[in-house]
Amino acid sequence: MESSAQARLAVLSRQFAPVAEGVQSLSLQTCSAGDSAAYERRNTADDDVVIVASLRTPLTKAKRGGLRDTDAADLLSTLFKAVLERTGVEPQAIGDIVIGSVLGPSSQRANECRIASFFAGIPDVVPVRTVNRQCSSGLQAIADVAAAIKAGFYTVGLAGGVETMSSNPMAWEGGINPRVSEFPDAASCMLPMGVTSENVAAKYGVDRKTQDEFAVRSHKKAAAARAAGKFKDEIVPVATKLVDPKTGAETKVTISEDDGIRASTTMETLGALKAVFKKNGTTTAGNSSQVTDGAAVALMMTRAEAVRRGLPILGVFRSFAAVGVDPAIMGVGPAVAIPAAVARAGLTLDDIDVFEINEAFASQAFYSITKLGLDEAKVNPNGGAIALGHPLGATGARCTATLLHEMRRRGRAARFGVVSMCIGSGMGAAAVYEVGGETDPLSTARAVEGPQQLLSKDAVV
Amino acid sequence: MGRCRTAFNAYSVKFSPFFEGRIAVATAQNFGIIGNGKQHVFEMTPAGGMLEVAQYDTADGLYDCAWSEANENVLVAASGDGSIKVYDTALPPHANPVRGFKEHRHECCSLAWNTGKRDLFLSSSWDDTVKLWSLNAPASLRTFAGHTYCVYHVAWNPQQPEVFLSASGDTTVRVWDLRQPAPTLVLPAHAYEVLAADWCKYNDCLLATGSVDKTIKLWDVRAPGREMAVLAGHSYAVRRVLFSPHAGNLLMSCSYDMTVKLWDTASPQAAQGLPLRSWDHHSEFAVGIDFSSLREGLVASAGWDESVWVWDQRGFPSP
């Protein structure tokens with residue numbers, strides 16, 4: 001509607017172009033390639049780090065969902081295979097695989113990731129490592145690969161994240177160092193995440209009603225997005241098994257849908273839930289992120305390499321910031337990390353068109369959005385972790401996949417996007433992506449039919 | 001004689017070829033930029049007023065209308081959404097529009113009904129094409145592509161029923177023949193957009209063009225290298241030019257300078273930019289004009305000031 005009115009205005013206003021009297025065949029016009037020109041100039045450098053594929057598994061509830069009996073190696077190898085098949089990149093071209101993972105036992109999980117690369121047919125010449133910055137691990141993995149590509153360590157990198165919370169619940173093994181009690185910040189690191197959510201809710205006045213309303217919106221948006229088929233491009237179905245807990249019998253299944261979305265969530269159903277972290281508190285299971293299994297990956301390379309291979313560029317990695325905050329209110333992380341990352345990209349918050357802010361808890365997500373004065377319509381347009389789930393190590397890469405695919409759907413309406421999350425033990429992380437700017441594939445050049453009579457004999461046709 | 005107000009900004013006025021006092025007015029809301037449209041049919045009363053006979057609402061603005069030469073009650077309207085609506089004033093309002101043709105991919109801005117082959121009419125559009133239609137056919141009979149920008153106007157040659165011209169923003173006027181695949185003449189008429197063109201009714205080789213460069217040029221298609229005359233009297237783009245059906249040298253033009261001018265193309269004053277008459281009754285762009293073919297001397301004009309005036313060309317429009 002808008003653009004056709006503008007198109008009509010443009011056609012009409014051309015009829016008022018100044019006509020130079022007497023000089024009929026020349027027209028003098030001021031140069032229109034100013035800052036507000038229709039032709040938009042962008043910085044597209046060959047050494048930009050670009051993402052050419054960004055995929056995820058479905059996200060299913062831990063212990064009850066379809067991926068509850070799926071190994072981390074199987075989750076990852078499904079995605080590795082899908083990425084390599086869809087891009088046609090030969091596996092030995094990958095310079096490093098960096099996977100974010102939080103709860104899996106450190107060395108074992110790193111080994112599982114290496115095993116996953118073998119399952120996917122990646123040769124042993126490609127190294128693998130894991131990274132753990134708690135909930136931001138998936139995003140940190142992407143940032144690490146981007147940094148390594150920029151540093152020239154390699155040209156093609158595979159980043160991602162995985163979490164199998166069905167097999168690896170949150171737990172603390174062994175004793176707690178007694179000196180922890182002497183340092184308030186250290187003691188705060190031992191707080192359960194839900195308690196930090198109650199702290200944020202109390203300190204910043206985010207009441208139960210606001211949190212529940214936020215949760216309802218998250219489910220609604222996710223349900224609408226799934227119904228509209230918006231997750232189809234980013235989800236890779238996982239062929240796996242379900243094991244009967246009593247008999248041990250295995251059933252082969254293919255999981256292709258997220259199972260945490262509850263379109264029927266209402267204020268009434270959420271209102272019935274009890275606060276679990278604090279007496280008369282506000283944080284419930286309904287307005288917190290779900291405990292989830294899932295994985296996500298992103299294939300990254302330099303722009304020059306992507307162009308050479310003829311791969312579509314889903315997005316450009318522009319900046320990253322990891323910041324520290326008070327562990328007792330770790331949920332405020334995005335409110336500090338987002339401005340830092342946006343400033344490092346040379347932008348302002350107004351320049352960002354879409355945000356994917358992890359909804360660890362409605363309290364901290366709502367706080368971060370209002371603290372930064374963001375337009376809620378720009379945040380988590382396809383729902384967030386309250387509806388979809390928060391597989392800790394995968395979330396950063398999962399949000400990246402959802403963000404980049406959403407921005408691609410929006411076309412020219414979305415140029416910059418942000419992924420951000422709070423991090424247990426008092427941190428926040430955020431990254432800025434840019435989408436678009438590549439040459440428009442539309443070409444108006446037409447092949448000339450018939451014998452060439454207008455070009456000189458030595459012209460190359 | 002008389003004038004009437006329209007609800008929206010008027011874009012085009014056409015006299016009915018069957019009823020002496022009947023005019024059709026195509027209008028568009030918000031100057032045709034955005035909003036709805038309305039097709040009016042007015043009847044002039046002997047007392048000098050204008051009675052509204054019919055009114056049809058459309059979703060998008062209407063940029064032109066044309067009366068059928070075969071049926072006294074049928075008219076067609078060109079819409080900003082690219083469609084052409086067919087109306088029959090003999091049918092009740094709820095039966096209208098009788099049908100619609102939706103093929104143009106951009107705004108449809110001009111319609112012309114063939115006076116010889118009375119089942120054919122043309123439409124031109126901002127999608128750079130001209131289409132040939134018949135009410136008997138479900139889709140366009142032919143599409144004429146060749147222009148590289150909006151085609152602002154089409155007009156049938158009054159003596160040659162298979163020949164027509166099209167005026168375009170690509171600064172050319174093309175003469176087409178239904179019997180030929182390509183234009184028979186591509187006339188680079190002006191250095192700026194050509195908004196209007198019309199054939200002389202008494203010399204089938206003569207045509208006039210009106211342009212954004214504020215001039216009207218007369219051309220002979222037999223010697224297209226050079227214009228016959230240049231009438232430079234308007235101070236803004238010339239929106240429409242029309243040759244009189246009663247006198248071979250009478251030409252009327254309307255312009256964004258809010259005036260309607262009557263020219264004697266044979267007179268030496270015209271070449272100096274002096275028209276026979278210059279009427280400035282409009283307070284906004286004057287965008288529609290027509291000669292009555294049934295009553296000599298009767299002319300009408302329509303403008304963005306939501307007014308339609310009918311008067312005698314020897315006099316002045318009176319409120």
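Labels below follow one simple rule: chain letters A, B, ... track the order of the sequence lines, proteins then strands, and each chain is numbered from 1.
Rounded to the nearest 0.5 angstrom, B:Tyr256 OH and A:Leu12 CG are separated by 5.5 Å.
When atom types are taken as modelled, the side chain of A:Arg8 and the backbone of B:Gly80 share a donor-acceptor pair closer than 3.5 angstrom.
For the set B:Phe31, B:Tyr236, B:Tyr63, the count of heavy-atom pairs under 4.5 angstrom toward chain A peaks at B:Tyr63.
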Step-by-step ring pair (Phe, Tyr, Trp, His ring centres under 6.0 Å) determination, A:Phe16 to B:Tyr192: CA-CA 10 Å; A:Phe16 295 93; B:Tyr192 293 86; over 10 Å; no

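Around the CZ atom of B:Arg105, the shell of radius 6.0 Å holds no more than 12 heavy atoms that belong to other residues, nucleotides or ligands. Around atom NZ of A:Lys378, more than 12 heavy atoms belonging to other residues, nucleotides or ligands sit under 6.0 Å away.
Interface residue B:Asp81: only backbone heavy atoms are found under 4.5 Å from chain A.
Residues satisfying the side chain to side chain donor-acceptor pair (under 3.5 Å) criterion with A:Ser218, sequence neighbours excluded, are A:Glu359. When the side chain to side chain donor-acceptor pair (under 3.5 Å) test is applied to B:Ser283, the partners found at least two apart in sequence or on another chain are B:Asp305.
The nearest pair of heavy atoms linking B:Glu107 to A:Ser4 is OE2-O, 4.5 Å.
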